[in-house]
Each structure stands twice: as structure tokens, then as C-alpha cells.
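This report concerns only the one structure given below.
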Amino acid sequence: MLIRSGQQLIRSVQPLLLRLVVALGIVVASACAPQTPSSDDPQDAPPAAGDNFSPQTLAEGQRIFRFETFGDEQFWTDTARMHEVVQKSVSPTTALSVGLKVDADAIPADVAAAIKAGKVDLNDPATTVTLLKLNAVVGLKGTVATINGKDTLTRLGITCALCHSTVNNSFSKGIGRRMDGWPNRDLNVGAIVALSPAITAAQKAVYSSWGPGKYDPRYNLDGKSTPLVLPPAYGLARVRNETYTAEGPISYWNAYVAVTQMHGRGNFSDPRLGINIRQTPDMVTSNLPALRAYQHSIEAPAPPAGSFDAAAAGRGRGVFNRSCASCHVGGSGTDNNSGVLHQPSETGMSAAYAVRTANKAYRTTPLRGLWQHPPYFHDGSAATLADVVTHYNNVRRLNLSAGQQQDLVEYLKSL
């Protein structure tokens, strides 16, 4: 018989919950274990000064990245009323369809077996509430209380992991071991926000237009919509400015997102953008150092064995050094580490997003784990690496032959 009640599911696993919580606090999954950045990376920027890579700091940074809401329940619950939407309408099947991910390591073994056997109703929103009670929905943090004998979602917030983590699908599509720092290009943020009963029909139309893997981090501030692809949060240790338009380093962006986008309780100020937000208590600022250290510790993933032609990549590296390395300094880095910015016309990019930002220009994006996260460019306008090479061959007049372009693609796959 299908387990149709979230309360029934919890009762079946209560003896395991305490061990699960303890394990989540002290064990780092091998697929995303933080490592101190390698000292032989060729990029210009040195390893981030001031980072504390002690095990305690990295464990705290991981907790913040995965589970800290910065008090943003004030928006997602009190204003957007997303807890009501999830309680009534969002089954696991629905959640997976909009790109939400489930942490298989947070599901006890007997429950996982029941899911495999078809004994858990994945079309019942009560099962989603149970998964939230287990802290198993990546990037969502729920508070669940028993009301009139029923598990009830009373508070809901979001975390950094919502957009910047995925899973390895080891259990099934959308369910697996966490992979922190990997952009969730399946996540349809706009479609999720559009479920809120607290926004207008016009806003719903804009949110629904973005599509999977894209988000506009300015829309709620200026009312314009030029969505960006969600960037990776790995390989950042030697990247000075972690925004497409280089407004500031990673803690700048973490604070900006936590306060202005996640709607957490904290402080953020940037006179260039006319933003000055002060909230008490400030639940953001004290978390930034450990969060930065954890993000800096996540290395870019190596390409899978056999995923590129090694001989062609070797030739492509020579093409890259002749044609691309003046901006992508050090083989995979960025000239922005030296303060360089590029006008949209230099690289054939749309200026629509840049004009909404402090610097009105784009930085050179570091090339990290490219095999893993199409589409490319800030707006996702290049579907494949071949499209990237074709674009620059035309815009920059590189005069590469078809063979050289193919070799360059293989080199990019190897990064």
C-alpha cells in the first residue's frame, strides 16, 4: 500500500533521525569534500587572502551554504506565502519537474527502499513536507510542526544551495548526492516564484519567461528583465570578482544576494546602485567569512575520462594561447584579476544587462568546468562550446580554420 501520509513516513524512520542529523553535521560527502586550493593554479590571482581553511571553518561554511536562510523566511513565508503553496500543491514529482533536487544522503535507507519499491506516493504534497522535515530538499529549509495530528509546513526559506548545488542523480533523476558549487541549470527559479499568490499577473508573466537555469538578480530592484544563467560557485579561490560585471568579490556578491535576492535579514550597501539596506538583527555579515572560505575550497570538477580528444585538445591549447589567452590569462583565468573590464561591443555581447549594473561592462569569465554547465555567456546565448568558438571567431576576427575551431573546442572541454 502506498505511504500517503507524511506523518506515517516520519514515524517509520524516527529512530534514524538523530543519527542522520549528527552525520550531516560532521561528515562531508566525498563528492563535494572541500579541499585547500592547489598552489600551482596558473591564474593570476593568489589564493584568497585571509581565508581560514580549518576543518571547523569549512564545516561551518558548508552548513551556511547548505542550510542557512539568513532569516529569509520573513519574505518567503510571511510575504510570498510559499509555505502554503508547498503544503497544498507541490508534490515531489512537481518539485523535481521545476528542477528542485533531493539529497539522497538525507533519506534513511528503509525509506529509500520504499521509494524504489513504489510504496511512497511521490504525487502527494505531504511527502514533500516530510522531505523538508528531513532537510532533504536541496536549497529549501522548512519548519514542520504537528498540527491536529498532521505534519504542517509553518515556515519556509531558501539557502545558497538552491541555485548553486545539484545532485549526481545516483538514486534517480533529481535525487542523489549533493554536488555543492555546481550551478543547477535545471532549476526554474522564475516558475517557482510565479507560484506565489502574493505577486501580480504581470510579475508572474516575467518570472515565467526566464526558463530553467536563469535568474535576473536586478528585476526586483529596477523592474527590467534580462535574465542571466546561474553561474558555478566552484573554482573561485583565484577569482577576484565573482560577478559577470565585476562589482565586487565573492563576499560582496554573497551579501548582495542574501539581502536583496534571498530577502535575508542583514546589511548591504552599494552607493553605485543606490542600495543601502540596514536590518536588525544582521544575520548575514557574520556568516560571510566562513561561507567564503567554503566556496573558495570547492575545486572545479575535472572533465570525465574520455570526454574529450586529448590529441586535439593539445593542439587546441596552442590555438587558445595565440587567440584567447590575452583575456583568459593563465590558460583558464581572467584579466579582470588585473582590473580589466570589456565593453559589450568588444566581445559581441548584448549590453542589456551591463547597462543595469555599476560598471556598465563585462569581466572576462574564468573558464572552469566548462564541460559541465552549458549554455554559455552571461545570458546563455551560446548553447554549446562550438557556438562559443564560432562567435569569437567571427566577432574577434580570429580567422581560425574549421580544424582549429574543433581543436579549440576540445581544449575547452578539457578545462
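Numbering of residues begins at 1 and proceeds along the displayed sequence. Bear in mind the structure is a predicted one, so any value in this text is a computation, not a measurement.
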Under 4.5 Å between any side-chain heavy atoms of [X] and [Y], yes or no?
{"X": "Trp76", "Y": "Arg81", "answer": "no"}
{"X": "Leu370", "Y": "Leu385", "answer": "yes"}
{"X": "Asp51", "Y": "Arg292", "answer": "yes"}
{"X": "Leu156", "Y": "Leu132", "answer": "yes"}
{"X": "Ser97", "Y": "Asn188", "answer": "no"}
{"X": "Val90", "Y": "Ile192", "answer": "no"}
{"X": "Cys327", "Y": "Thr334", "answer": "no"}
{"X": "Leu162", "Y": "Leu140", "answer": "yes"}

From CA spacing to verdict: side chain to side chain contact (heavy atoms under 4.5 Å, CB included), Leu221, Ile275: CA-CA 9 Å; Leu221 299 176; Ile275 301 173; 3.7 Å; yes

Which distance, rounded to the nearest 0.5 Å, do you find between the [atom1] of [X] and the [atom2] of [Y]?
{"X": "Leu273", "Y": "Asn276", "atom1": "CG", "atom2": "CG", "value": "12.0 Å"}
{"X": "Thr166", "Y": "Asn168", "atom1": "OG1", "atom2": "CG", "value": "8.5 Å"}
{"X": "Gln261", "Y": "Ile158", "atom1": "CD", "atom2": "CD1", "value": "9.0 Å"}
{"X": "Met82", "Y": "Gln87", "atom1": "CE", "atom2": "CD", "value": "13.0 Å"}
{"X": "Glu84", "Y": "Thr152", "atom1": "CD", "atom2": "OG1", "value": "12.0 Å"}
{"X": "Asn135", "Y": "Asp103", "atom1": "CG", "atom2": "CG", "value": "9.0 Å"}

Under a plain distance cut-off of 3.5 Å, with no hydrogens placed, do [Y] and [X] share a side-chain donor-acceptor pair?
{"X": "Thr245", "Y": "Glu247", "result": "yes"}
{"X": "Ser54", "Y": "Thr57", "result": "yes"}
{"X": "Asp270", "Y": "Tyr252", "result": "yes"}
{"X": "Thr390", "Y": "Asp387", "result": "no"}
{"X": "Tyr353", "Y": "His378", "result": "no"}
{"X": "His263", "Y": "Asp72", "result": "no"}
{"X": "Thr357", "Y": "Asn359", "result": "no"}
{"X": "Ser91", "Y": "Thr94", "result": "yes"}
{"X": "Thr285", "Y": "Asp282", "result": "yes"}
{"X": "Asn254", "Y": "Gln295", "result": "yes"}
{"X": "Glu73", "Y": "Thr69", "result": "yes"}
{"X": "Gln279", "Y": "Asn267", "result": "no"}
{"X": "Gln372", "Y": "Tyr234", "result": "yes"}

Criterion salt bridge (Lys or Arg N to Asp or Glu O under 4.0 Å) against Asp407, the qualifying member of Arg315, Arg322, Arg317: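 Answer to the salt bridge (Lys or Arg N to Asp or Glu O under 4.0 Å) test with Asp407 among Arg315, Arg322, Arg317: Arg315.
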
Test log, rule side-chain hydrogen bond (donor to acceptor under 3.5 Å, both in side chains), inputs Asp180 and Tyr294: CA-CA 10 Å; Asp180 288 351; Tyr294 178 62; 2.5 Å; yes

Could you tell me which non-hydrogen atom of [X] sits nearest to which non-hydrogen atom of [Y], and how far apart they are?
{"X": "Pro344", "Y": "Lys360", "result": "CD-O, 4.1 Å"}
{"X": "Glu60", "Y": "Ala290", "result": "CG-CB, 4.1 Å"}
{"X": "Arg66", "Y": "Thr159", "result": "O-OG1, 2.9 Å"}
{"X": "Leu291", "Y": "Cys160", "result": "CD2-SG, 4.2 Å"}
{"X": "His342", "Y": "Ala361", "result": "O-CB, 3.3 Å"}
{"X": "Val229", "Y": "Pro375", "result": "CG1-CG, 3.9 Å"}

Arg265, CZ atom: more than 12 neighbouring heavy atoms under 6.0 Å: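 Enclosed: over 12 neighbouring heavy atoms sit under 6.0 Å from CZ of Arg265.
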
More than 12 heavy atoms of other groups within 6.0 Å of Arg397 CZ: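 Atom CZ in Arg397 is not packed in, count stays at 12 or less.
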
So, [X] side chain and [Y] main chain: donor-acceptor pair closer than 3.5 Å or not?
{"X": "Asn337", "Y": "Gly333", "result": "no"}
{"X": "Glu68", "Y": "Phe70", "result": "yes"}
{"X": "Arg363", "Y": "Tyr244", "result": "no"}
{"X": "Asn336", "Y": "Gly339", "result": "no"}

From CA spacing to verdict: salt bridge (charged side-chain N to carboxylate O under 4.0 Å, His left out), Arg368, Glu242: CA-CA 13 Å; Arg368 44 201 164 138; Glu242 184 33 43; 3.2 Å; yes

Residue that, paired with Phe171, satisfies side chain to side chain contact (heavy atoms under 4.5 Å, CB included) out of Asp105, Ile107, Ile115: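 So the option named by the test is Ile115.
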
Step-by-step salt bridge (charged side-chain N to carboxylate O under 4.0 Å, His left out) determination, Arg155 to Asp78: CA-CA 8 Å; Arg155 306 287 289 169; Asp78 300 335; 2.5 Å; yes

Intermediate values then yes/no, side chain to side chain contact (heavy atoms under 4.5 Å, CB included), Tyr411 and Val319: CA-CA 9 Å; Tyr411 173 69; Val319 176; over 6 Å; no

Parallel, tilted or perpendicular: rings of Tyr215 and Trp210 (30°, 60°):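 Perpendicular: the ring planes of Trp210 and Tyr215 meet at over 60°.
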
Mutual orientation of the aromatic rings belonging to Tyr256 and Phe268 [parallel < 30°, tilted 30-60°, perpendicular > 60°]: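 Ring orientation of Tyr256 relative to Phe268: perpendicular.
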
Ring center gap for Phe377 and Tyr392 short of 6.0 angstrom: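 Yes, the ring centres sit under 6.0 Å apart.
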
Between Tyr207 and Tyr219, ring centroids under 6.0 Å: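 Yes, the ring of Tyr207 comes within the 6.0 Å limit of the ring of Tyr219, centre to centre.
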
CA sep, side-chain torsions, deciding dist, call: Lys101, Asp186, salt bridge (charged side-chain N to carboxylate O under 4.0 Å, His left out): CA-CA 9 Å; Lys101 306 296 183 181; Asp186 298 323; 2.7 Å; yes

Working for salt bridge (charged side-chain N to carboxylate O under 4.0 Å, His left out), residues Asp110 and Lys119: CA-CA 11 Å; Asp110 57 341; Lys119 295 180 180 179; over 6 Å; no

side-chain hydrogen bond (donor to acceptor under 3.5 Å, both in side chains) between Asn123 and Thr93, intermediate numbers included: CA-CA 6 Å; Asn123 292 306; Thr93 299; 3.1 Å; yes

